[in-house]
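A quick write-up on the structure given underneath.
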Amino acid sequence: LGRSSKLDRSFAPIIYLTYPIPKIALLPIAMLLFGIGESSKIFLITLIIVFQILISVRDSTKKIPTEYFEPLISLGADRFEIFRSIIFPAVLPEFLTSIRISLATAISVLFFTETFGTKFGMGFYIFDAWQRIDYLEMYSGIVVLSLIGLAMFVLIDLIEKFLVKW
């Protein structure tokens with residue numbers, strides 16, 4: 001989308017129309033389509049974060065100066081070589097940043113989805129402890145969610161350190 005104005009013109013209206021919809025409002029529909037299990041949670045989290053990542057990566061791809069492409073094009077590079085040599089390295093830091101930003105949203109949505117129609121997961125655990133007025137368990141669940149987030153951030157940092165050496 002970032003390198004093809006035709007594709008961008010085609011998909012931008014769809015993205016701009018569907019992105020502002022509060023995806024958490026689609027939880028009942030996701031549960032009807034995928035059931036109460038993990039599939040509906042994965043679908044909803046994916047639906048929410050894919051837009052954040054898509055828009056971020058598309059915009060960062062648009063920012064790559066056209067002068068960067070000309071030498072490879074003049075040498076006869078195909079689309080894959082251009083992607084591998086220019087677009088991927090240029091967009092990777094922004095992609096990882098958008099994943100970091102989306103991570104907090106994903107954990108929040110996971111908590112929310114686990115409070116409805118399930119008896120498993122940290123969301124259920126925290127909500128159940130809150131209803132029973134067991135604040136120690138409730139705060140323990142919140143700490144566990146924070147530690148999960150921390151572990152995921154560290155994992156993304158390690159991936160970045162390995163892939164984005166520059």
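Values reported hereafter were calculated over all heavy atoms of this structure, with side chains retained and with hydrogens, waters and symmetry mates removed. These numbers come from a predicted model, not from an experiment.
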Is Lys165 reaching over with its side chain to a backbone N or O of Leu163, donor-acceptor style, under 3.5 angstrom?
-> no

Neighbour count >12 (heavy atoms, 6.0 Å) for atom CE, Met152 | no

Backbone N or O of Phe112 within a donor-acceptor pair of the Thr115 side chain at under 3.5 Å?
-> yes

Please report the closest heavy-atom contact between Ala90 and Ile64, naming both atoms and the distance.
-> CB-CD1, 3.6 Å

Heavy-atom check, side chain of Phe69 versus side chain of Ile87, under 4.5 Å = yes

Any ring pair (Phe, Tyr, Trp, His ring centres under 6.0 Å) involving residues 4-25? Give me the pairs, sequence neighbours left out, ordered by first then second residue.
-> Tyr19-Phe51

Inspect the surroundings of CZ in Phe153 and state if more than 12 heavy atoms from other residues, nucleotides or ligands are less than 6.0 Å away.
-> yes

Which other residues belong to the hydrophobic cluster containing Leu158, where Ile, Leu, Val, Met, Phe, Trp and Tyr are joined when side-chain heavy atoms lie under 4.5 Å apart, directly or via other members?
-> Val143, Leu147, Leu150, Val154

Short side-chain to backbone donor-acceptor contact, Glu81 and Asp78, under 3.5 Å = yes

Write down the atom of Ala12, the atom of Arg58, and the distance for their closest heavy-atom approach.
-> CB-NH1, 4.4 Å

Note: Lys62 and Leu1 closest approach over all heavy atoms is CE-O, 4.4 Å

If you draw a 6.0 Å radius around CZ in Arg132, do more than 12 non-hydrogen atoms from other residues or ligands fall strictly inside?
-> yes

Contact check, side chains of Tyr135 and Trp130, non-hydrogen atoms, under 4.5 Å | yes

Beyond-backbone contact of Ile101 with Ile49, side-chain heavy atoms, under 4.5 angstrom = no

For the residue pair Glu137 and Ala129, what are the closest heavy atoms and their distance?
-> CB-CB, 3.7 Å

Which one of Ile82, Ile86, Thr66 satisfies the side-chain contact (heavy atoms from CB on, under 4.5 Å) criterion with Arg3?
-> Thr66

Backbone N/O of Phe34 and side chain of Ser39: donor-acceptor pair under 3.5 Å | no

Answer yes or no for Lys41 and Phe43: cation-pi contact, defined as NZ/CZ to six-membered ring centre under 6.0 Å and angle to ring axis within 45°.
-> no

Test item: Ile126 and Leu145 side chains (from C-beta on) under 4.5 Å apart, heavy atoms = yes

Under 4.5 Å between any side-chain heavy atoms of Ser102 and Ile53, yes or no?
-> yes

Smallest separation among heavy atoms of Phe83 and Pro89, with atom names | O-CD, 4.0 Å

Minimum side-chain heavy-atom gap Thr113-Ser40 below 4.5 Å | no

Chi angles and distances behind the salt bridge (Lys or Arg N to Asp or Glu O under 4.0 Å) call for Glu160, Arg100 = CA-CA 11 Å; Glu160 184 176 43; Arg100 278 190 197 93; 2.6 Å; yes

